[in-house]
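Okay, structure first, notes after.
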Amino acid sequence: MEKRFDPKSYEARWQKRWAESGLFTAKTRDETDAPSFCILIPPPNVTGRLHMGHALQSSLQDLMVRWKRMQGYNALWLPGTDHAGIATQLMVERQLEAEGTSRLELGRERFLERMWQWKEQYHSNIRRQLEALGSSCDWTRERFTLDEGLNLAVRTAFVRLHREGLITRGEAIVNWSPVLQTAISDLEVEAREVRGQLWHIAYPIEGSDQRLVVATTRPETMLGDTAVVANPDDERYRHLIGKTAILPLVGRRLPILADEHVEPEFGTGLVKVTPFHDPNDFEIAQRHDLPGVRVIGFDGRMTEQAGADFAGLDRFEARRAVVERLEAEGLLVAVREHVHTVGHSQRGGEPVEPMISTQWFCDVRGMAARALEAVHTEDLRLVPSTWEKTWEHWLSEIRPWCISRQLWWGHRIPAWYDESGNCFVTLDEEEAQKLAGTDRLRQDEDVLDTWFSSGLWPLSTLGWPDEDAPDLRTFFPTDVLITAFDILFFWVARMAMMSLHFQDRVPFRTVHLTGLVRDAEGAKMSKTKGNVIDPLELVEEYGADAVRFTLCALDAPGRDIPFDPQRMAGYRAFGNKIWNATRFAVSRAGEARVASELSPDGLEAPERWLLSRLARTAGTVNEKLEALRFDEACGQLYHFFWGELCDWSIELAKPALSGEAPRPRAGEVLLSALERSLRLLHPVMPHLTEELWHRLPGVEALGWESIALARYPEPMPEWLDERVEADMAALQEVISRIRAERTERGLPTQTRIVLHVEGGDTRASRFLLEQAALVCSLARVDEVVDGAGPEGALRDRVAGVDLALDIEAPSLGAEERGRLEKELEKVEIEMRSAEGRLTNPQFTGKAPPQVVEGTRRRLEELRERSRRIAEQLA
RNA sequence: AGGCCCGUAGCUCAGUUGGUUAGAGCGCUACGUUGACAUCGUAGAGGUCAGCGGUUCGAGUCCGCUCGGGCCUACCA
């Protein structure tokens with residue numbers, strides 16, 4: 001076997017073999033009786049390459065699905081990608097710009113051709129990246145949110161919701177992005193704190209020389225004012241209600257009205273009303289039946305209706321111009337510094353323009369209530385559960401979802417208009433024509449919000465709207481969704497709503513929400529900061545298994561993941577450890593073979609101990625995975641393999657395998673335990689374990705073509721052996737004590753040490769004497785003697801055994817004395833604390849008996865230690 | 001404005017229903033390399049668990065307040 005551990009030498013090879021073998025192709029219910037297990041990939045955007053967040057989620061998903069597959073489930077991990085409307089369209093538009101052309105120049109059809117080219121390229125990148133991580137996806141079922149099947153699902157959902165009156169078209173204030181030239185949803189708006197001004201502007205009152213003063217942060221919108229309102233209870237302005245103000249610069253007559261919405265304390269207590277450019281004003285206008293005026297256009301420039309002086313100006317230029325004019329006319333009463341929040345487009349970063357517009361809206365209140373209910377009844381579990389409150393808050397406050405986008409890349413809205421503007425919402429144009437009685441129809445220009453199709457992902461990928469689709473019947477509802485918390489509302493909530501609406505069932509039973517992968521300084525990774533790490537570069541440097549192990553081991557619930565290259569190097573070293581442990585076992589096991597069945601009967605203590613620890617680890621790992629505690633499962637695997645199998649079992653096997661102190665079945669047990677350990681590790685480190693597994697002698701007799709299909713180890717209760725674990729724990733403690741003494745005194749390796757087991761015939765001391773060969777080998781003791789040691793030997797009580805170490809060396813130096821004094825001090829402090837508790841009747845009376853008993857035993861041990869240390873110092 | 005999360009060793013973080021001796025990895029120190037592994041081994045140093053108060057026989061863990069950091073939600077012009 002090669003001495004060098006080199007992941008590159010086998011990772012790609014196994015990826016290829018897995019892809020060709022079809023091992024990961026799931027079956028339908030008609031093809032297998034095995035219970036199903038399904039994870040749907042959160043489809044990555046075809047905007048670019050995968051980032052660390054994808055690597056994290058993919059590692060976790062693959063861990064889950066490989067584990068379940070090994071447990072005998074019909075396991076499906078369904079891969080796919082998302083067309084990601086705005087995001088992807090922007091990428092291609094940027095490309096066109098560089099080529100000196102534009103989407104408008106190309107026209108819809110040719111532009112979409114370019115989009116599909118882009119999609120093909122980036123989609124194949126993503127697939128390569130997933131494969132490079134060792135993902136056991138079922139590529140025969142891969143989907144894309146814009147493919148034909150998904151399009152049918154989208155149209156079906158839209159038509160049904162429309163028939164149910166839940167999707168409607170209408171005029172309302174939406175968040176408009178003048179840069180992207182489309183409406184965006186509330187979720188795509190980011191509130192940012194901005195230092196602005198509050199301008200106080202005087203409006204003359206008709207038929208009087210009096211003026212009223214309104215306060216606004218957006219003076220340019222005054223050109224579209226159609227009223228002024230005050231709170232009905234505001235004494236200061238009661239006399240004005242019913243009168244008319246004259247809009248400066250424009251001359252429009254504005255009714256002065258009373259409306260509860262106004263907070264008398266804010267500003268001047270008078271609000272100018274601009275129905276078409278402010279959501280609150282729009283509502284006020286509806287209450288009072290006020291008209292509106294569009295003064296800002298979709299391009300963010302002032303319209304003709306803003307007046308000749310301002311038309312064509314950018315909205316921010318217009319603000320300056322309006323303020324200047326007001327000042328010149330003596331109508332600017334005051335300017336106050338004012339910090340307020342302004343909505344910004346999450347993607348473009350520019351301030352969003354609240355704007356009246358005709359859009360499609362989806363009323364999601366009913367669905368939201370059901371999604372909320374599903375969490376209450378625990379049909380849907382959020383992990384960690386701290387997200388439940390956030391879920392509750394968002395879903396109970398939900399408002400209509402603006403689902404139309406003025407883009408070209410996306411699902412075209414299935415609505416057609418005849419020449420008189422009648423609208424027909426149908427599955428296809430043919431049906432619309434029948435309904436309309438004409439073929440002179442025009443399809444709605446808009447496309448749907450990306451998240452509308454993503455929201456249908458659990459249904460559409462499994463074959464819906466065909467209710468009898470085999471995959472839908474086999475895998476819906478799916479089992480676990482693993483995704484980052486930042487798309488809880490964008491995506492998770494919408495999938496829950498859609499699935500409950502169309503299937504009356506939750507789309508998945510459990511949602512595992514991961515944190516964000518951050519850089520070494522804890523900053524969020526972003527392209528603008530330039531701190532993005534490409535997972536493939538890490539795979540190149542550390543190997544896919546180390547990347548996977550690191551990410552899984554760091555996935556603590558509710559916590560972000562600080563990316564630390566040293567940590568990854570540590571897990572690469574773990575791979576090296578596994579490699580070399582296997583190399584040792586294979587090269588030293590002689591004629592031994594991996595056993596398919598193994599019973600602890602007739603085995604000696606070190607072997608029984610190994611099997612017991614292995615069984616215990618298998619139990620814990622399964623439990624941790626069941627609980628989605630990937631970090632703890634990985635921790636268990638790491639500590640078992642390195643800290644027990646390598647540090648102890650291999651060392652214990654050495655004297656047996658070398659013939660020094662033969663144990664006939666040591667090699668067989670070591671190989672067999674190693675084989676089970678590789679299986680335990682396989683879901684996290686698939687390449688390494690597959691590579692090594694095939695090299696174990698006798699593994700072919702187990703009858704699995706791949707470790708990926710081998711049975712995941714169960715807890716194996718018949719292997720558990722508490723007595724041997726206790727015996728071995730004592731042995732280990734004694735060995736550690738002797739090793740510590742040697743290093744702390746700085747004794748050379750050759751120094752002769754004889755261990756005397758003094759004082760009696762306890763189980764532990766008998767065991768120690770029986771295993772004398774192991775003590776000699778592991779603690780480098782020359783001899784283990786039953787009975788009292790000589791005068792001047794180092795005496796200590798360890799694990800209940802009285803020891804005397806006869807060390808051929810000069811007596812204690814000052815340094816060692818200091819250390820012992822410190823040790824004695826610590827022991828005495830703890831003794832006093834234990835004594836204090838034990839003499840306190842409150843403690844002995846109220847604490848559980850086993851706690852009190854434990855304290856007693858502890859105190860006894862401490863007294864003995866203190867006596868022996870004092871003896872050394874004397 | 002409301003809500004959530006976090007503060008534990010030099011660094012990054014574990015610590016399930018309160019139980020006595022608070023753990024891990026990395027880093028650090030000392031020693032060790034003719035055979036599994038220097039991507040290693042053995043041992044060691046390092047913590048008033050942010051602070052204050054409370055409940056309790058017993059608090060890193062439960063409760064309250066304070067300080068510090070992060071995040072989410074929100075139409076005060």
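So you know, we letter chains A, B, ... as the sequences are listed, proteins then strands, and number each from 1. Just so it is clear, the values below take in all heavy atoms, side chains as well, and ignore hydrogens, waters and symmetry mates.
Contact annotation: A/Trp387 does not reach the phosphate of B/U73 (side-chain N/O to OP1 or OP2, under 4.0 Å). A sub-4.0 Å separation between OP1 or OP2 of B/C75 and a side-chain N or O of A/Arg399 is present. Under 4.0 angstrom from either OP1 or OP2 of B/A74 there lies no side-chain N or O belonging to A/Thr341. Remark: A/Arg629 is in phosphate contact with B/G15, judged by side-chain N or O atoms under 4.0 Å from OP1 or OP2. Residue A/Lys577 places none of its side-chain N or O atoms closer than 4.0 Å to OP1 or OP2 of B/G25. A close approach under 4.0 Å does occur between a side-chain nitrogen or oxygen of A/Lys389 and OP1 or OP2 of B/C4. Phosphate contact (OP1/OP2 of B/A14, side-chain N/O of A/Arg559, threshold under 4.0 Å): present.
Taking atom P on both nucleotides, B/G60 is separated from B/A9 by 15 Å, rounded to a whole Å. Nucleotides B/G70 and B/C13 place their P atoms 14 Å apart, quoted to the nearest Å. Here, B/G27 and B/C63 have their C1' atoms 38 Å apart, quoted to the whole Å. Look at the P atom in both B/U61 and B/C6: the space between them is 13 Å, to the nearest Å. A distance of about 12 Å separates the C1' atoms of B/C49 and B/G23, rounded to the whole Å. Comparing B/A59 with B/U8, their C1' atoms are spaced 14 Å from each other, to the whole Å. B/G15 and B/A22 have their C1' atoms separated by 8 Å, given to the nearest Å. Atom name P, nucleotides B/A38 and B/C26: the rounded distance is 16 Å, in whole Å.
In this structure, the NE2 atom of A/His340 is 7 Å from the P atom of B/A77, given to the nearest Å. Atom CD of A/Glu825 is separated from atom P of B/U21 by 16 Å (rounded to the nearest Å). Summarising the geometry, the separation between CG on A/Leu513 and P on B/C71 is reported as 18 Å, rounded to the nearest angstrom. If you measure from atom CD of A/Glu190 to atom P of B/U73, you get 9 Å, rounded to the nearest angstrom. As rounded to whole Å, 10 Å separates atom P of B/C76 from atom CG of A/Asp278. Straight-line distance from the CZ atom of A/Arg837 to the P atom of B/G58: 11 Å, rounded to whole Å. Put simply, CH2 on A/Trp642 is 21 Å from P on B/G23, counting in whole angstrom units. Look at CZ on A/Phe266: it is 15 Å from P on B/C75, rounded to the nearest Å.
Minimum interatomic distance between A/Phe490 and A/Gln346 (heavy atoms only, all atoms of both residues): CZ-OE1, 3.8 Å.
Looking only at atom types and distance, the side chain of A/Glu733 has no donor-acceptor partner in the side chain of A/Ser736 under 3.5 Å away. No side-chain N or O of A/Arg739 forms a donor-acceptor pair with one of A/Thr743 less than 3.5 Å apart.
Distance from the side chain of A/Glu651 is smallest to B/C37 among B/G46, B/C37, B/C40. Distance from the side chain of A/Asp647 is smallest for B/G41 among the nucleotides B/G15, B/A43, B/G41. Counting only heavy atoms from C-beta on, A/Glu263 has its side chain closest to B/A77 among B/C26, B/A24, B/A77. The side chain of A/Phe584 sits closest to B/A36 out of B/U21, B/A36, B/A77.
Panel note: side chain A/Glu823, backbone A/Ile869; no donor-acceptor pair is recorded below 3.5 Å. Under the 3.5 Å distance criterion, the side-chain polar atoms of A/His200 are left unmatched by any main-chain donor or acceptor of A/Thr268.
Map A/Gly269 and A/Glu830 each onto its nearest nucleotide of RNA chain B; the residue landing nearer the 5' end is A/Glu830. Between A/Arg572 and A/Gly854, the one whose closest nucleotide on RNA chain B sits nearer the 5' end is A/Gly854.
The aromatic rings of A/Trp387 and A/Phe485 sit parallel to each other, their planes meeting at less than 30°, with 60° as the upper class boundary.
A/Ile284 pairs in a side-chain contact (heavy atoms from CB on, under 4.5 Å) with only one of the listed residues (A/Val229, A/Val262, A/Leu257, A/Asp278), which is A/Val229.
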Using side-chain hydrogen bond (donor to acceptor under 3.5 Å, both in side chains), reason through A/Ser833 and A/Glu830 one step at a time and then give a plain yes or no. CA-CA 5 Å; A/Ser833 143; A/Glu830 206 194 321; over 6 Å; no
Sequence neighbours excluded and cut-off under 3.5 Å, please list the side-chain donor-acceptor pairs for residues 571-578 of chain A, or say none.
residue  : atom : partner  : partner atom : Å
A/Tyr571 : OH   : A/Arg567 : NH2          : 3.3
A/Arg572 : NH1  : A/Glu541 : O            : 3.1
A/Asn576 : OD1  : A/Asn580 : ND2          : 3.0

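RNA chain B contains the following stems of three or more consecutive Watson-Crick or G-U pairs, with both distances under 3.5 Å: B:1-7 with B:67-73, B:10-13 with B:23-26, B:28-32 with B:40-44, B:50-54 with B:62-66.
Within 4.0 Å of A/Ala581, counting heavy atoms only, lies at least one base atom of the nucleic acid.
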